[in-house]
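Read the structure below first, then the notes.
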Amino acid sequence: MTRPRPSVALYPGSFDPITYGHEDIARRALSVADRLIVAVAETSTHVKSSVFDVAERVELIREVFVGEDRIEVKSFEGLLVDFARKQGATLVVRGLRAVSDFEYELQMAQMNQELWPGVETIFLVPEARFSFLSSSLVREVAKLGGDVGSFVSPPVLERLAAKLRHG
Ligand code: ADP
């Protein structure tokens, strides 16, 4: 008898930087998939002025999930569906914080469905206390000298402080 193939989910985004909201979604994804690939987009339509380059973001996410052997971190260029296919991923995970996320997420999910029907997008909802949290807000508050210690993991906080100190 052949065993069913382990399910692989892709969690794409910019993650500049990874926040507790992203971590929450990634851990939830492990209850629906056997393996999760956190996929940092090299070309993001979202991030206008990044704080960390892609290699640094990948490194930070790896630090955050150290010891989680079902989570891998990679970067990708080009179409998400092409990367999903190459990685053998049949699920794409996205987080929904509020109604404001919905329209864009729905459009993207339906576009990806058109581009490759082999992938299914699933939406997961974070714990309520992370609903207001976004990377852009963390970047902004940190740049203005605010304390973002309750929004990001210690390694992220440390690197953020060092980065902003040195311009
Ligand atoms: P994008 O580049 O599309 O803005 P991000 O890199 O910020 O995406 O995040 C990737 C995914 O994680 C998106 O689906 C986004 O909705 C989700 N996400 C970001 N922050 C949170 C949060 N605080 N709670 C739940 N989901 C989140």
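Along the sequence shown, the residues carry numbers beginning at 1. Ligands are counted one by one from 1 in listed order, and the atoms in each one are counted from 1 as well. Being a predicted model, the structure only gives us computed values, none of them experimental.
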Do Lys143 and Ser49 have side chains that get closer than 4.5 Å, going by heavy atoms? yes

Where does Ala41 meet ligand 1, judged by heavy-atom distances below 4.0 Å: at the side chain, the backbone, both, or neither? neither

Using distance alone, decide if ligand 1 has a nitrogen or oxygen within less than 3.5 Å of any nitrogen or oxygen in Leu96. no

Using a 4.0 Å cut-off to any heavy atom of Arg94, which atoms of ligand 1 qualify? 3 (O), 10 (C), 11 (C), 13 (C), 14 (O)

For Ser14, counting its heavy atoms only, list the atoms of ligand 1 lying under 4.0 Å from any of them. 1 (P), 2 (O), 5 (P), 6 (O)

Minimum heavy-atom separation for Pro126 to Ser131, with atom names? CG-OG, 4.2 Å

Examine Ser135 against ligand 1 and note whether any of their N/O atoms are separated by less than 3.5 Å. no

Validation row: Glu23, Ile18 side chains within 4.5 angstrom (heavy atoms): yes

Side chain, backbone, both or neither: which applies to Tyr11 and ligand 1 if a contact is any heavy-atom pair less than 4.0 Å apart? side chain

Short N or O distance, Pro12 and ligand 1, threshold 3.5 Å exclusive: no

Is the closest basic N to carboxylate O distance between Asp82 and Lys86 below 4.0 Å? no

Between Phe83 and Phe76, what is the ring plane arrangement, given parallel below 30°, perpendicular above 60°, and tilted in between? parallel

Going by the atom numbers of ligand 1, which of them fall below 4.0 Å from some non-hydrogen atom of Gly13? 6 (O), 10 (C)

For Leu133, take its heavy atoms, then give the atoms of ligand 1 lying under 4.0 Å from any of them. 20 (N), 21 (C), 22 (C), 23 (N)

Counting from 1, what ligand 1 atoms have a heavy atom of Pro126 closer than 4.0 Å? 24 (N), 25 (C)

Around Glu68, counting heavy atoms of other residues, nucleotides and ligands shown, do more than 12 lie under 6.0 Å from its CD? yes

Verify side chain to side chain contact (heavy atoms under 4.5 Å, CB included) between Arg62 and Glu72, making sure each step is shown before the conclusion. CA-CA 8 Å; Arg62 285 194 180 131; Glu72 259 181 285; over 6 Å; no

Would a distance-only check, ignoring hydrogens and angles, find a side-chain to backbone donor-acceptor pair under 3.5 Å from Ser50 to Asp53? no

Using a plain distance cutoff, I'd like to know if Ile25 has any nitrogen or oxygen under 3.5 Å from a nitrogen or oxygen of ligand 1. no

Does the N or O separation between His22 and ligand 1 drop below 3.5 Å for any pair? yes

